Amino acid sequence: IIIQIKWLLLLKNGLTTQILIILILSHQLGLKFKIMSSPKITVLMPVYNCEKYLNEAIDSILNQTFKDFEFLIINDGSIDKSLEIIKKYKDNRIKIINNEKNLGIVKTLNRGLKLASGKYIARMDADDISMPERFEKQIEFLEKNTDIVLVGTAFNVINENGKLIEKRILPTSPEEIKKKLIKANILCHPSVMFIKKICSQIGLYDENWQYVEDYDFYFRVANKFKMANLKQVLFSWRVNMFGTCTTRTKIQKEKALKLQLRAISDRQYSSFYYYLIIRSFIINIIPYFLRKFIKKYILKRKLIIEDM
């Protein structure tokens with residue numbers, strides 16, 4: 001050991017020499033140093049009063065076939081047993097961040113993005129379920145298709161008891177997604193994975209677009225990059241059978257319309273889409289029973305004309 005150290009001291013003094021001395025000594029003494037590296041993925045999951053489904057959500061992440069990730073669980077001021085449940089997990093990939101008060105999902109997501117150290121960001125919600133191969137399939141896709149920066153998945157819609165309601169297969173190609181995004185949000189937000197560095201070019205989630213922050217984010221991504229969806233069902237999205245409150249639904253529709261009009265105004269889409277958006281808006285404000293009546297009337301008139 002002494003000979004090796006004396007030889008090293010003949011080199012120019014500096015940090016490199018000191019590190020080499022430590023490594024030689026540790027090798028001789030049988031010590032091991034773990035070289036820390038950033039995880040491939042940062043899983044970002046906000047939590048607010050989700051005690052009923054939280055174990056299932058966390059377990060679905062920890063049981064992923066792709067293991068190289070950090071799991072940022074941000075407790076957003078929960079007043080139920082959510083934090084207590086999270087703390088029971090001893091997996092060293094879990095990092096618990098606790099908001100002193102409820103900040104809302106947009107601020108919480110942005111806090112997580114600032115703390116994330118992974119190359120990729122995988123979204124997750126505290127009442128949903130990720131299939132075991134979700135991360136593996138998304139990483140494989142993104143690394144094979146380097147022109148695409150964000151990928152979602154097809155998903156199952158489940159009820160509060162986990163019973164399947166329907167399967168949703170979304171548009172998969174970047175071209176189809178870009179074309180249809182102006183009409184509707186066609187990516188399942190908690191299923192997406194994206195390259196973190198795009199945030200330095202398009203920004204974080206915009207707090208001005210609460211309730212449609214994901215839709216706004218996609219428009220900004222689509223303006224510079226390509227997005228895709230995997231055709232495989234790799235996610236289960238839980239819906240509240242009692243439905244979202246009427247006020248929130250109304251705000252979501254109004255803000256979504258503003259985002260669509262902004263996209264046309266910014267020349268992401270041609271002015272022709274004004275017609276489609278206004279048509280869709282008018283249809284949506286017509287009461288359901290009246291829409292049903294009109295549809296029946298049109299079909300009846302069509303049959304009469306065909307018989308003439």
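Note that the structure is predicted; figures quoted are calculated from it, not measured.
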Practice task
Apply the side chain to side chain contact (heavy atoms under 4.5 Å, CB included) test between K250 and each candidate in E254, K253, Q252; give the one that qualifies.
Solution key: E254

Exercise for the section: Using the test side-chain hydrogen bond (donor to acceptor under 3.5 Å, both in side chains), find all partners of N208 that sit at least two apart in sequence or belong to another chain. Expected result: D206

Problem - Expected output: side-chain R238 to main-chain E160 donor-acceptor under 3.5 Å - result: yes

Handout entry: Partner set under side chain to side chain contact (heavy atoms under 4.5 Å, CB included) for K107, not counting sequence neighbours
Key = L103, E207

Exercise for the section: Show the numbers, then the answer: is there a side chain to side chain donor-acceptor pair (under 3.5 Å) between T42 and E70? Expected result: CA-CA 5 Å; T42 293; E70 64 174 354; 2.5 Å; yes

Problem - Backbone N/O of I182 and side chain of Q260: donor-acceptor pair under 3.5 Å - result: yes

Problem - Residues forming a ring-ring contact (aromatic ring centres under 6.0 Å, His included) with F69, sequence neighbours excluded - result: F135

Handout entry: Check: N99/N75 side-chain N/O donor and acceptor closer than 3.5 Å
Key = no

Handout entry: Side-chain (S82) to main-chain (C50) donor-acceptor, under 3.5 angstrom
Key = yes

Problem - By ring-ring contact (aromatic ring centres under 6.0 Å, His included) - contacts of F141 (at least two apart) - result: none

Problem - Neighbour count above 12 (heavy atom, 6.0 Å) for K67 NZ - result: yes

Practice task
Could you name each residue pair satisfying ring-ring contact (aromatic ring centres under 6.0 Å, His included) that touches residues 171-199, not counting sequence neighbours?
Solution key: H189-Y205, F194-F217

Exercise for the section: Check whether the side chains of T153 and N229 place a donor and an acceptor atom closer than 3.5 Å, and report yes or no. Expected result: no

Practice task
Applying side chain to side chain contact (heavy atoms under 4.5 Å, CB included) between F71 and each of I58, I96, D91, report the one that passes.
Solution key: I58

Practice task
Name all residues meeting the side-chain hydrogen bond (donor to acceptor under 3.5 Å, both in side chains) criterion together with K90; count only those two or more places apart in sequence or in a different chain, and write none if there are none.
Solution key: none

Completion exercise
Sequence neighbours excluded, the answer for side-chain hydrogen bond (donor to acceptor under 3.5 Å, both in side chains) partners of Y89 is N55, D59

Completion exercise
In I61, L44, I94, the residue satisfying side chain to side chain contact (heavy atoms under 4.5 Å, CB included) with I73 is I94

Handout entry: Residues that E143 engages under side-chain hydrogen bond (donor to acceptor under 3.5 Å, both in side chains), provided they are two or more places apart
Key = K40, Y120

Practice task
Measure from the side-chain N and O atoms of E133 to the backbone N and O of T65, and report whether any donor-acceptor pair falls under 3.5 Å.
Solution key: no

Handout entry: Listed partners of L115 passing side chain to side chain contact (heavy atoms under 4.5 Å, CB included), at least two apart
Key = L72, I97, R111

Problem - Any residue meeting side chain to side chain contact (heavy atoms under 4.5 Å, CB included) with N161, in chain and number order, not counting sequence neighbours - result: N159

Exercise for the section: Using side chain to side chain contact (heavy atoms under 4.5 Å, CB included) as the criterion, list what pairs up with S270, not counting sequence neighbours. Expected result: F272, Y273

Fill in the blank from the handout: F219 meets the ring-ring contact (aromatic ring centres under 6.0 Å, His included) criterion, sequence neighbours left out, with Y215

